[in-house]
Amino acid sequence: MSVRTRADLEQLPPYVAGRTVPGSIKLASNEVSEGPLPTAVAAINEAAGQVHRYPDMGVSALTDALAEHYGVAPERIAVGCGSVALCEQLVQATCSASDEVVFPWRSFEAYPIITQVVGAQQVRVPLTEAHALDLEAMLAAITPATRLMFVCTPNNPTGTLLRAAELNAFLDRVPPEVLVVLDEAYFEFVDDPDAPDGVEIAKARENVVSMRTFSKAYGLAGLRVGYAIAPPKVAEALRKVSIPFSVNALAQTAAIASLHSPEELRRRCADVISERARVRAKLVELGYRVPETQSNFVWLPLGSRTPAFNEHCLENKVVVRAFGEEGARVTIGTAEENDRFLAAAESFRG
Ligand code: PMP
């Protein structure tokens, strides 16, 4: 006899993280190359001497800061160990074994893994030809067993954005007992005037959650902190299924400091947005197909040429993120990093 793990986990593919290769630049995980905001670094340094104490389990100061920032009641907020933890908590809080979670595919890789780990059923809805979410097909995928839907906008890895009007029209047609999670991990990089603001939508609707993170624009990926603005009942359930003390003390402190530095944030997002336009324009000029992106990455749907492209970038000391034979996702870095990537893209003859 030996110990037994769940048989269904044997088939489960692991989450694949972007690789760090010494001597190469990493454009594989949608991080910001600039680092954390300076105010956050100062706050982390100051808090470091207190890490022998457990963090505030209720994450009260950060919750209050978020409540004030967004003009919502603290009861509507749940903070998690990265928004990926909140994704899992959302499935835990809403689904039993036979319940279904509907999500676009391809999209954030954690959705299928988390759904399977929790033990619920996954329903993947293919993207449109234009690499965007297919809202009609997502509506058609709803069954009486559907409890949760992930709507990722801008979508990872394709960068495509839903417009406010189409999202609202979609939400009008989702049954009220289905919880819709607007995964807005890349919200701060959006500059389209027709973009939805998920927080405002979550305030107005009883079955919508807006989920955001400090990992991307705020540059705190290593500290693990994300948050959800949700109906009070959902936020309460999220807190209940959370592991105690899962949001560490430095993360809480750094997130508060970051929230209080809107000008630093705005400046860095403006830099990413202008570099994004430059990178995309150059790629298009080189003959690549690149969907419009509202995120801090571009998607190259290279199909069977993807592995060769990935290898070529690695040889040129640029780490990108390849998805099988579908495509490669490349994070927008500093101007210098982007130039290195563009040079690799230009010399690719796959
Ligand atoms: N949602 C999306 C769409 C993402 O791309 C990511 C990170 N890659 C996350 C959520 C999770 O981010 P974190 O756990 O770092 O907050």
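We count ligands from 1, going down the list as the structure has it; atoms in each ligand are counted the same way. Numbering starts at 1 and runs along the sequence shown.
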Minimum-distance protein heavy atom relative to atom 1 (N) of ligand 1: D183 OD2, 2.7 Å
If the plane angle is over 60° it's perpendicular, under 30° parallel, otherwise tilted; pick one for Y227 and Y70. tilted
So, K203 and E200, do they make that salt bridge, N to O below 4.0 Å? yes
Atoms of ligand 1 under 4.0 Å from any heavy atom of T213, numbered from 1 in the order shown, are 13 (P), 16 (O)
Nearest protein heavy atom with distance in Å, relative to atom 11 (C) of ligand 1: S83 OG, 3.3 Å
D197 with R212: basic N within carboxylate O range, under 4.0 Å: yes
Would you call the rings of F150 and Y111 parallel, tilted or perpendicular if under 30° counts as parallel and over 60° as perpendicular? parallel
Does an N or O anywhere in V84 fall below 3.5 Å from an N or O of ligand 1? yes
Could you tell me how the ring of F348 sits relative to the ring of F309: parallel (under 30°), tilted (30 to 60°) or perpendicular (over 60°)? perpendicular
Distance filter under 4.0 Å to S215 heavy atoms, resulting ligand 1 atoms: 13 (P), 15 (O), 16 (O)
Distance-only N or O hit between ligand 1 and Y111, under 3.5 Å: no
Among protein heavy atoms, which sits nearest to atom 14 (O) of ligand 1, and what does the distance come to when rounded to 0.1 Å? R224 NH2, 2.7 Å
Does the ring center of F108 lie less than 6.0 Å from the ring center of F103? no
Could you tell me whether F214 approaches ligand 1 through its side chain, its backbone, both or neither, with non-hydrogen atoms closer than 4.0 Å? neither
Distance filter under 4.0 Å to C152 heavy atoms, resulting ligand 1 atoms: 3 (C)
Which of the ligand 1 atoms, numbered from 1, are nearer than 4.0 Å to a heavy atom of N156: 3 (C), 4 (C), 5 (O)
Check this for me: does any side-chain nitrogen of one of K26 and E31 sit under 4.0 Å from a carboxylate oxygen of the other? yes
Is it true that E34 and R267 have a side-chain N and a carboxylate O under 4.0 angstrom from each other? no
Are G226 and ligand 1 in contact, using a heavy-atom cut-off of under 4.0 Å? no
Can you find a non-hydrogen atom of K216 under 4.0 Å from ligand 1? yes
If you measure from each heavy atom of A221 to ligand 1, is any distance below 4.0 Å? no
Tell me, which pairs form a salt bridge (Lys or Arg N to Asp or Glu O under 4.0 Å) where one or both residues lie in residues 146-172, sequence neighbours left out? D99-R147, R163-D192, D172-R205
